[in-house]
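The block underneath contains the structure these notes are about, expressed in structure tokens.
Every chain is numbered from 1 and lettered A, B, ... according to where its sequence line falls, protein lines coming before strand lines.
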Amino acid sequence: VSHAEQKLASAEELEEFRAAVRAWLSTNLPREWGETNSTADQSQLIERRRLWDRVVWEGGYAGITWPTIYGGRELGLAQEFVFHEEAAVAHAPEPLNIIGLHLAGPAILDAGSEDQKRRFLPRILSAEDLWCEGFSEPGAGSDLAAVTTTATPVEGGYRVTGQKTWTSFADLASRCYLLARTDARAARHHNVSVLLIDMHQPGIVVTPIREITGARHFTDVFFDDVFVSEDDRLGPENGGWELVTLGGLRRQMTGLLDSFRRYVAMKTVLDQLRQCVNECSRHGLIAEVEVLEQDMGLLQWHIRRTLGSMATANGWQKSSSILRIWWSELWQRMAETGLSVHCPAHQDYWRLQYLQTMAWTIAGASAQLQRNVIAERVLGLPR
Amino acid sequence: MMARMRAPNLTQLSMTPTAECLVASRELESLLIRYAAPPVRDDWFASDFSGLWRDLSEGGWLELGNEIGADNVTGTDLRDLLEIGMLWGRYLVPLPFIETMLLRRWSPSISLKTEVRPAPVTYEIVGGGLDAVIPHGGRFEVVAQVDRVAGATILQAGSIRPDVPADMFAPSLPVQVVAVASSNDSGHLGFSTEFTESIALLAAEAAGAAQELLQRTIRYAVDRVAFGRPVGQFQAVKHLLANMHRDAELALSGSVWAGTGSNPLAAAVAATRAARRVGSTSVQVHGGIGFTWELGLHYYIRHILAIDSLLSRLGTDLVPGNLNRVSH
């Protein structure tokens, strides 16, 4: 994974970087955001995330590991995590352009053509292009290889027809990281490609889906004979599975970056939990909160150790494979405890947390599939 | 592809052991294999390990903490010692190797003649009517203490009955553990380097024991056939093993966290709690035989539980002033 080749930083350099991030956060993160985190409504929170992407870019903290020619800082993943650790302490919002920054961007850096890198990467960092992910379909959730959206080869590119579903922010996105079948005959896993499709064109219809939380971030996306140029195919034709497979190194990189941002969001939730328990004098829950705090410490240090393990493919796979099942279920435990506080001022907040976190063990491959992958790919158990 | 990546260093403590340490660890493991295949038999802990102790002693292994990981000002190389602690936890040899190594590290001039046979070394907890806890069961009295200025002192051994199990769960090891309390300038034991190092090493032993349980359980799940196929083929079993892997990994991360000295007790407690989950799940995957003494799982579980209860009690009872300032 070329973009992740690590620039080694000394402990002193990292501490210098940390101090700079901390100072920058203290002047650039609006104070009132922190104070109203638990009371802002969902559209306000989305708007903050959109703004924050822009502020982070302007501050020079977008694309910390990306090459400078595409707008990045060309530093190591250690600095990237230091930025997130400080963002967590400051209760900064998550990025909105998650798919661009953590999925499409790293994949383009690794597998994209020079032309694709120049066209897409700077606009991801500057938050001009918001991306969405076109993986799931009504008949293909965790079983991603079952996608039926078809990209039929035509002169100069493909014509795409099919339906994607549970697609977050497709109504806001200008590009989609789309997995589609490019070969009607080839075997499963050898018949799909990744297409970087322009969302602003005729033939694409986006309809919102009401979620269990009441929000409408999810959408159905219908493609009706939509053209996509060959120049917008990522990697070789029918080479898409390698880019999206769970056990694959690129997805593991996405998983690592994902855990960085989840760590930030969870820190805000955990601090809110501590505050609710204290304010409502729920002394019986203090021990439970302490365990959650310790387990959050394990998440932080496990991420650090995973970064340290990157020198060896084996160590990296062993270590990174557990991040998702750990943070997702830890966050659900926080929400459960939050509900049981029965804090009058934050009842809605904890209900929303409780409902929202149900998605964390489903989205991007269910917790059950994640465990199959660990057992078979990491531990070598028979299929 | 990944091998081209190099590891970043986020703290003063390395996240990975050095190449040197890995060589030392392999050598030590071959010594352990020669004398002590990991415990299975009931009488394992009653075996004679004097030959191994002699080799450890004559081979300079007791000074390991002064060689690798000698930079105890920054703690940079403590990560190496954690690797050794993990290895020791995988073999559970009933010799006070880790404890002696730490004593030497803190106080190179200490004479250990009197402790060639296992001698108890521990935290002294005063107040609250507490007895100190031996990770392998049983009780003991303080026999050694380290002072930053005066060096180590060997005290009178307590009345230890290593041959008598503390309870029916599993035989007590004839090792009477741990580390030596030393106050820092503020008198708060929780901040001393020795304290951090010893509890991080304990957590690493628990992480090593968890790792060994995981490996044994994987082998068992592949070998054991039920309903016409290896039990490890069933998704329900795979998911249990995935959880064990998660928890064994977290136990190691927790020991590394403890080694940084940033809230070390919370870190070590979190690590051993994860190791404990590995223990209970290993029994579940083994089924009936896991509930017996036949395969030796109980040794590892006992060890993890003992470390867990020691650390938890320290966590509960360790408030500044509750631990004696041993420099008095």
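Considering every non-hydrogen atom in both A:Q294 and B:W257, the closest pair reads O-CZ3, 3.4 Å. The two residues A:L381 and B:L241 come nearest to each other via the heavy atoms CD1-CD1, 3.4 Å.
Counting only heavy atoms from C-beta outward, the side chains of A:H302 and B:V256 never approach each other to under 4.5 Å. Two residues are said to be in side-chain contact when any heavy atoms from C-beta on lie closer than 4.5 Å; B:T260 and A:W301 meet this criterion.
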> When you look at A:E376 and B:Q233, which way does the side-chain contact (heavy atoms from CB on, under 4.5 Å) test go after all the steps?
Replying inline: CA-CA 9 Å; A:E376 289 165 13; B:Q233 218 171 6; over 6 Å; no
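At a 4.5 Å heavy-atom cutoff, A:E80 makes no contact with chain B through either its backbone or its side chain. A:S321 touches chain B through its side chain: at least one heavy atom from C-beta onward sits under 4.5 Å away, while N, CA, C and O do not. Both the backbone and the side chain of A:V291 come within contact range of chain B, with heavy atoms under 4.5 Å apart. Heavy-atom distances place the side chain of B:R273, and not its backbone, under 4.5 Å from chain A. Proximity to chain A (any heavy atom under 4.5 Å) is shown, for B:L240, by neither the backbone nor the side chain.
At distances below 3.5 Å, at least one donor-acceptor pair connects side-chain atoms of B:K238 with backbone N or O atoms of A:P382. A side-chain donor-acceptor contact under 3.5 Å links B:H245 to the backbone of A:K318.
For the residue pair B:Q235/A:R371, the side-chain donor-acceptor check at 3.5 Å is not satisfied.
Ranked by non-hydrogen atom pairs under 4.5 Å with chain B, the options A:Q368, A:R305, A:R383 are led by A:R305. Counting heavy-atom pairs closer than 4.5 Å to chain B, the top residue among A:I374, A:I303, A:I322 is A:I322. The most heavy-atom pairs under 4.5 Å with chain A, out of B:G254, B:P230, B:A266, B:A221, come from B:A266.
If you take CZ on B:R246 and CZ on A:R324, they are separated by 13.5 Å, rounding to the nearest 0.5 Å. In this structure, OG1 on B:T16 lies 11.0 Å from CG on A:L307, to the nearest 0.5 angstrom. In this structure, CG on B:L250 lies 5.5 Å from CG on A:L298, to the nearest 0.5 angstrom.
More than 12 heavy atoms of other residues, nucleotides or ligands shown are found within 6.0 angstrom of CZ on A:R261.
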